[in-house]
Each structure stands twice: as C-alpha cells, then as structure tokens.
S.K.: 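Okay, handing you the structure first.
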Amino acid sequence: MNKLLAAAAAALIPLAGITAEGAKTPPTIPAGQNGTFDSFDVNKDGRISMPEAAADPKLVENFSTADKNGDGYLDNAEYDQRAEPPQR
C-alpha cells in the first residue's frame, strides 16, 4: 500500500509545477498608465488572459470587445487594436 501511495505521489509531482506556473501573480500597472503587451503577458505564451489583464481595470472593461476572435485571449494584434477612448 505504501509503495502504491509513493508511486501516486511521484506521478503527481510534475502536475504541481504546471499548477504553480499558472498561479503567477499578474503585473500591477499603476493607475493612469498603459502597460505593454509584454508586461501583461506574464506567462509569456504570446497572449493575454483575463487574469493577466486584471492588472488594468480599463483593459478588463474592454477585453471582450478587443477579443475579436472570441477565444478568451488577446493576442498582440488584438491588444494593439483594442478600443480606446480618443485622447483629448
């Protein structure tokens, strides 16, 4: 029984690394400043997820509009073309 338990624990160790990677804290962007695509893409997978976007309330507000293909992520092109209010 102990060998089975040890084998099961050993098999789960790689999964702990995957879980820890997904739990990275999103960046904090100071209010009134815009972050770059790379500053939001914390896990460097080439796209911004909603948890990563949470660092900027304005980006969260416009996320679904900016996500043109509806996949739940912003790629670099979608991020660059996101709807922003005109500057005065």
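What you are looking at is a predicted structure, and each value in this text was computed from that prediction instead of being measured.
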S.K.: Closest approach of I48 and F40, non-hydrogen atoms and distance?
M.R.: CD1-CB, 3.6 Å

S.K.: Start with the C-alpha gap between V60 and M50, add the side-chain angles, then the distance that decides, and say whether side-chain contact (heavy atoms from CB on, under 4.5 Å) holds.
M.R.: CA-CA 7 Å; V60 170; M50 183 58 87; 3.9 Å; yes

S.K.: Return yes if some donor-acceptor pair links the side-chain N/O of D71 with the main-chain N/O of D67 below 3.5 Å, else return no.
M.R.: no

S.K.: Kindly compute the distance separating CG (D45) from CG (D75), expressed to the nearest 0.5 Å.
M.R.: 11.0 Å

S.K.: Can you see which heavy atom on E78 is nearest to which on A66, and at what distance?
M.R.: CB-O, 3.4 Å

S.K.: For F37 versus L74, what's the shortest heavy-atom pair and its separation?
M.R.: CE1-O, 3.6 Å

S.K.: Calculate, to the nearest 0.5 Å, the distance between atoms CZ and OH belonging to F63 and Y73 respectively.
M.R.: 8.5 Å

S.K.: Does a side-chain heavy-atom distance below 4.5 Å link N43 with D41?
M.R.: yes

S.K.: Could you tell me the separation between the CD atom of E52 and the NZ atom of K44, rounded to the nearest 0.5 Å?
M.R.: 8.5 Å

